[in-house]
Amino acid sequence: MLDDLTMNVSTYIKKMGINLTKVSKDTGIPYMALYDSLLNKDRNRELKAKEFIAVCKFLNVDPMDFANKEKKVM
């Protein structure tokens with residue numbers, strides 16, 4: 001099972017309709033790493049700390065916003 005941070009980011013990205021290809025290009029994180037962490041339910045890959053921070057910067061969201069939620073984001 002994924003950690004709460006990864007689940008919260010995944011939920012946010014889905015809810016906001018954010019294009020994962022753009023996230024990948026702008027953050028330098030390989031697309032498949034993002035896909036496996038955020039959209040591929042079969043992989044259960046958690047975001048690495050560097051990836052989490054980079055995605056938060058891309059989203060312009062304080063990382064604590066994801067940490068302070070219990071499996072629900074904004």
Side-chain angles (χ1 to χ4, degrees):
M1 179 172 225
L2 291 177
D3 66 22
D4 289 347
L5 291 175
T6 300
M7 287 294 296
N8 290 340
V9 173
S10 174
T11 300
Y12 182 83
I13 284 181
K14 290 174 191 172
K15 181 178 177 181
M16 300 303 287
I18 296 167
N19 184 304
L20 221 51
T21 300
K22 177 141 178 65
V23 177
S24 174
K25 286 181 182 177
D26 288 3
T27 63
I29 302 168
Y31 174 85
M32 285 310 296
L34 288 172
Y35 180 81
D36 285 343
S37 293
L38 303 174
L39 300 179
N40 187 350
K41 294 179 183 179
D42 295 329
R43 286 300 303 256
N44 286 330
R45 180 190 182 273
E46 295 179 358
L47 286 171
K48 296 178 181 176
K50 288 186 340 183
E51 295 169 343
F52 174 70
I53 296 301
V55 169
C56 288
K57 284 182 181 179
F58 171 85
L59 298 173
N60 199 29
V61 175
D62 184 334
M64 291 306 293
D65 288 347
F66 293 115
N68 293 332
K69 306 291 179 188
E70 288 193 31
K71 298 191 181 186
K72 285 189 173 181
V73 177
M74 298 168 233

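FYI, side chains are in, hydrogens and waters are out, and symmetry mates aren't considered; it's all heavy atoms of this structure. The structure displayed is predicted, hence computed values, not measured ones.
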Residue list, side chain to side chain contact (heavy atoms under 4.5 Å, CB included) with P63, at least two apart or on another chain: F52, I53, C56

Partners meeting side chain to side chain contact (heavy atoms under 4.5 Å, CB included) with D42 (sequence neighbours left out): N40

Nearest-0.5 Å distance that lies between atom CE in M32 and atom OG in S37: 10.0 Å

Residue pairs passing the salt bridge (charged side-chain N to carboxylate O under 4.0 Å, His left out) test where at least one lies in residues 20-32, sequence neighbours excluded: K22-D26

Residue pairs, two or more places apart or on separate chains, that pass salt bridge (charged side-chain N to carboxylate O under 4.0 Å, His left out) and touch residues 47-58: R45-E51

Are [X] and [Y] side-chain neighbours, meaning at least one heavy-atom pair lies under 4.5 Å?
{"X": "F58", "Y": "I18", "result": "yes"}
{"X": "L38", "Y": "L47", "result": "yes"}
{"X": "V55", "Y": "I13", "result": "yes"}

Residue pair [X] / [Y]: nearest heavy atoms and the distance that separates them:
{"X": "I29", "Y": "A54", "answer": "CD1-CB, 4.0 Å"}
{"X": "F66", "Y": "V61", "answer": "CE1-CG1, 3.6 Å"}
{"X": "N19", "Y": "T21", "answer": "OD1-N, 2.7 Å"}

Backbone of L20 reached by a side-chain donor or acceptor of S24 within 3.5 Å: no

Residues forming a side chain to side chain donor-acceptor pair (under 3.5 Å) with T6, sequence neighbours excluded: D3

